[in-house]
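Take a look at the structure set out below.
Note on naming: letters A, B, ... go to the chains in the order of the sequence lines (proteins, then strands), and numbering restarts at 1 for each one.
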Number of protein chains: 2
Amino acid sequence: MAQSESRQGRKSARNGNSSVTLEDVARLAGVSTITVSRALNYPDKVAAKTLAKVNRAISQTGYVPNLLAGGLASRRTRLIAAIIPSITNLVYAETIQYFSSRLNDAGYQVLLGESGYPEQSEQKLISAILSRRPDGILLTGVNHSADCRRLLLAAKIPLVETWDLTPTPLDVIVGFSHERIGMAVADFVAAKGYRRVGTVSASDRRAQFREKTLIDRLATHGITDITRGEVPAPTDLHRGRIGLVRLLDDGFSAGVVCCSSDTLAHGVLIEAQSRAIRVPEEIAIVGFGDQSFAADTFPALSTVRIDRPRMGKLAADVLLARIEDDTVDEQVIDVGFEIVERGTT
Amino acid sequence: MAQSESRQGRKSARNGNSSVTLEDVARLAGVSTITVSRALNYPDKVAAKTLAKVNRAISQTGYVPNLLAGGLASRRTRLIAAIIPSITNLVYAETIQYFSSRLNDAGYQVLLGESGYPEQSEQKLISAILSRRPDGILLTGVNHSADCRRLLLAAKIPLVETWDLTPTPLDVIVGFSHERIGMAVADFVAAKGYRRVGTVSASDRRAQFREKTLIDRLATHGITDITRGEVPAPTDLHRGRIGLVRLLDDGFSAGVVCCSSDTLAHGVLIEAQSRAIRVPEEIAIVGFGDQSFAADTFPALSTVRIDRPRMGKLAADVLLARIEDDTVDEQVIDVGFEIVERGTT
DNA sequence: TGCAGCAATGTTAGCGCTGTCATTTCACTT
DNA sequence: AAGTGAAATGACAGCGCTAACATTGCTGCA
């Protein structure tokens, strides 16, 4: 038990602010620094007695590991970056919440980056993120500029794309098909017997794509009376309301309005109510996303459900598998979708 | 111009994955590593010609700096942590968005931590965050456990608390007074002549505190007919609807419902509409937060405006001032609030 | 008794960068 | 031509940790 008090204050120098280091803990516990390191990272490689001594020393000193140093030495930062269009868009925030919680449980932290603000280019964002040497990255969408693709691939770390599907992902992808959703919504409204269709879509690549496939598919059902409405990208109630105003101004009436998000759909619903237009009798509404509020509007919103919790968790699992085993069963995972019919249709 | 091609492949060893380092850039540019470092961090300390050479070498090699190494050496990580209750609560997400964008402009990145999930204790969260050695931390609220206070203060880095006010902040604080809001809302509904008051408050420390001061203040106006309703913490439309159902079940009618968030208020509004209760004639509603949707409900929501953009930006500015100059004019900054009267009262 | 074999612990050498101080360069005086 | 000071650049050590290999101690078996 009695350990020699060898190796003392060897260095020092620049260390003005006296933060506690592994060496301090090691000295107090009477072991070498590597043993403390092992006690923290691989506790079962250390004898129980030693572990106890080390843990005592850690709590006595109030030691907080330095992951910069650890990451530099081990090339593992336990940091995962996630790039989403906007943190204030609940559908992304929710996905990330599930993604993060899974990764936190596995000992990782998530660094968030917002790509929706083109003032700072996506490339700069990615550079900034890569300079922290994350162990993996989550991306939203599949449309990356050539420069971004190059940067990401050069980093040689696991990547997971989400919110879309492609047969040729950068690495792995967990998402759903916007094309199939557009078609499914078209089939749904056609089957319900609507003959006039209005759209309120955000000026967002994926939203526009769903709208396009919706319209194309409607044509195959013989529905060509389409009134299109586009609103700027961050969707909110206001833009939904404006969306309906525009449709009405353009002569739309007595049909179904297909929206690119539940928020827009809710705005359309409110605008209809403010004009005493009966929903769904006069105007029906379909949203997208099945956000938590969709079941609680009045009438409740018919929409397309995306299983965001599952997408977030799966993205985390796939990334962890790639990081820890470097293996992965499937490169492309389709989480699918489901049309949820409620009161607005 | 012709530089000697001295210092060649000195080391190597563990560097299996051949990522580009400062040394590679330096060699290509024909300068020393420290010059490249300066070219990146203090470009005006480097001659224009040298800068050009270095920049050429950087883009030729595709060099991405390693902030782990840089942070370790310089003790500045350019990382700021922000702890918020939940990323899916828009009021916090929005504050953080402004906070982040300010900090991004200043060359910092924000690492988000969610404290709302008590499975992992706040203390663990803080430890995890501190192990990345952030240059500063944003905290939401002023109620930290003794252990957390100790950890935070021991880190000796700038801290900014938000969303509340106290004369004794850990470091600096940018927020508003929940007590004064409770009182102001009481004064407002009393002045509007309401004699019966219902509450729908989230089971959240600050919401409960506003409710308490509201009720106390109402008493001074002679209003004691209060029906209280509490709902679990993450607020959504559903809980707002349930809140009104409970109030009605408890006999509440013909009065004003004061809610602890705009989302709850919106839920109350929807539930009222679903029951054909006229708003504001039969039931009036007051929200809290003035979220972007508050002006777009029908009728539009009367609420308490908190200037979240300003709070976020100010928190960033104050933190930057503390980090870069270590000075700060005021320790306590009150961003105030404002009652916004719209259609639901 | 001696030694194989494994568990536990230690030594060494960096990881990639920047602070500090030292040196060189060069325009400008006198 | 020599001297001066500021600007530009460089050498070196070390930030705090861990990978890789080395050493020690100990069990068990021939």
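- Look at CG on A/N41: it is 10 Å from P on D/dC17, rounded to the nearest Å.
- Here D/dG16 presents its P atom at 9 Å from CG of A/D24, a figure rounded to the nearest Å.
- The separation between A/R133 atom CZ and C/dC15 atom C1' is 11 Å, rounded to whole Å.
- Nearest to the side-chain atoms of B/Y63 among the listed nucleotides D/dC17, C/dC17, C/dG16 stands C/dC17.
- For the helix from C/dT1-D/dA30 to C/dT30-D/dA1, the terminal axes (five pairs an end, C1' atoms, rotation from four pairs onto the next four) enclose an angle of 50°, given to 10 degrees.
- Minimum atom distance to the side chain of B/Y42 is reached by C/dG19, of the listed C/dG19, C/dG16, D/dC17.
- Distance check: B/Y98 OH to A/T88 OG1 gives 8.5 Å after rounding to the nearest 0.5 Å.
- When the P atom of D/dG16 is taken as reference, atom CG of A/N66 falls 7 Å away, rounded to whole Å.
- The neighbour count for B/D329 CG, taken as heavy atoms of other residues, nucleotides or ligands under 6.0 Å away, does not exceed 12.
- Atom CG of A/L68 is separated from atom C1' of C/dC15 by 12 Å (rounded to the nearest Å).
- Between the CZ atom of B/R75 and the P atom of D/dC17 there is a distance of 11 Å, given to the nearest Å.
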Would you tabulate the nitrogen or oxygen pairs shorter than 3.5 Å linking the protein to nucleotides 4-9 of chain C?
residue: C/dT9; atom: OP1; partner: A/T50; partner atom: OG1; Å: 2.3
residue: C/dT9; atom: OP2; partner: A/A47; partner atom: N; Å: 3.0
residue: C/dT9; atom: OP2; partner: A/T50; partner atom: OG1; Å: 3.4

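- Within the 4.0 Å cut-off from OP1 or OP2 of C/dC17, not a single side-chain nitrogen or oxygen of B/T33 is found.
- The distance between atom CG of B/L22 and atom P of C/dG16, rounded to the nearest whole Å, is 10 Å.
- Spacing between atom CG of B/L40 and atom P of C/dG16 amounts to 16 Å, rounded to whole angstrom units.
- Distance CD/A/E23 to OG/A/S32: 10.5 Å, rounded to 0.5 Å.
- Closest to the A/S74 side chain, of the nucleotides D/dG16, D/dG14, D/dA19, is D/dA19.
- For the atom pair NZ (B/K53) and OG1 (B/T35), the distance works out to 9.0 Å, reported to the nearest 0.5 Å.
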